[in-house]
Amino acid sequence: NAGVTQTPKFRVLKTGQSMTLLCAQDMNHEYMYWYRQDPGMGLRLIHYSVGEGTTAKGEVPDGYNVSRLKKQNFLLGLESAAPSQTSVYFCASSYGGEKETQYFGPGTRLLVL
Amino acid sequence: KNQVEQSPQSLIILEGKNCTLQCNYTVSPFSNLRWYKQDTGRGPVSLTIMTFSENTKSNGRYTATLDADTKQSSLHITASQLSDSASYICVVSAMGNYQLIWGAGTKLIIKP
């Protein structure tokens, strides 16, 4: 089992460019999450999904969109990147909700110039 | 406001020594508390999850304690190894809420 994988590992964007981060999990988990991690701060939830075809906003959703067309994939889109979106992005998945362990991918480091 | 605070911010100890990391939280209604280990450049990995009724939980050389009355938790690492060098993050879940509240972490460095 690969667990949770993320592509790309690293990306540099110019302000205003768009991109999509891909997350895939092979554990048949219902729940998937996108977080961002900034220096000196705890992880912050961007969007999450409780099942195929469903998405919901987290703590910091502005400037991001997501889609969950297939159970195993969760895509995070940046339509018009801004320097404030420079961060490390982590995808996670879990079998259930609040009482279940979340399993994390290796992260995507994004630099917006 | 739901918050999780960890101390110390960073800690350096010698290999083989024990250490204890602290976590205070103001999350209500409380569901569970987790400790994660995050190696540099990698995603967090779960160490323990404790619910309201659990006071202590161990995972190898890692032992977490929970005092739900004082809203405090600690993570004790016994006989530290170089591979224990990482950030340790305390995370609290509120009942009925998918959103976890993450602490900023304690950066632990083990020196030979």
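Given the structure is predicted, the values throughout are model-derived calculations rather than measurements. Each chain gets a letter, A, B and so on, in the order its sequence line appears, and its residues count up from 1.
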The criterion is side chain to side chain contact (heavy atoms under 4.5 Å, CB included); which residues satisfy it with A/T86, sequence neighbours excluded? A/L111, A/V112
Partners passing side chain to side chain donor-acceptor pair (under 3.5 Å) against B/D69 (at least two apart in sequence or in another chain): none
Going by atom types alone, do B/S58 and B/T63 pair a side-chain donor with an acceptor below 3.5 Å? yes
Of the backbone (N, CA, C, O) and the side chain (C-beta and beyond), which part of A/V88 lies under 4.5 Å from a heavy atom of chain B, both, or neither? neither
Given a strict heavy-atom distance threshold of 4.5 Å, which part of A/Q102 is in contact with chain B: side chain, backbone, both, or neither? both
For A/Y35, which atoms come within 4.5 Å of any heavy atom of chain B: side chain, backbone, both, or neither? side chain
Interface check, chain A: of B/M95, B/R42, B/Q99, most non-hydrogen pairs under 4.5 Å belong to B/Q99
Using the ring of each side chain (for Trp, its six-membered ring), is A/F90 parallel, tilted or perpendicular to A/F104, with breaks at 30° and 60°? perpendicular
In terms of heavy-atom contacts, does CZ of A/R109 have more than 12 from other residues, nucleotides or ligands at under 6.0 Å? no
Give the member of B/P44, B/C90, B/S87 that has the highest number of heavy-atom pairs under 4.5 Å with chain A. B/P44
So, does A/H47 use its side chain to make a donor-acceptor pair with the main chain of A/A56 at under 3.5 Å? yes
Among residues 1-39 of chain B, which ones touch chain A with a heavy-atom distance under 4.5 Å? B/S31, B/N32, B/R34, B/Y36, B/Q38
For A/L22, the hydrophobic cluster (side chain heavy atoms closer than 4.5 Å, chained through members) also holds A/L75
Does CD belonging to A/Q17 count more than 12 external heavy atoms closer than 6.0 Å? yes
Whatever's closer than 4.5 Å to a heavy atom in chain B on A/L45 counts as side chain
For A/C91 and A/M32, which heavy atoms make the closest approach, and how far apart are they? SG-CE, 4.0 Å
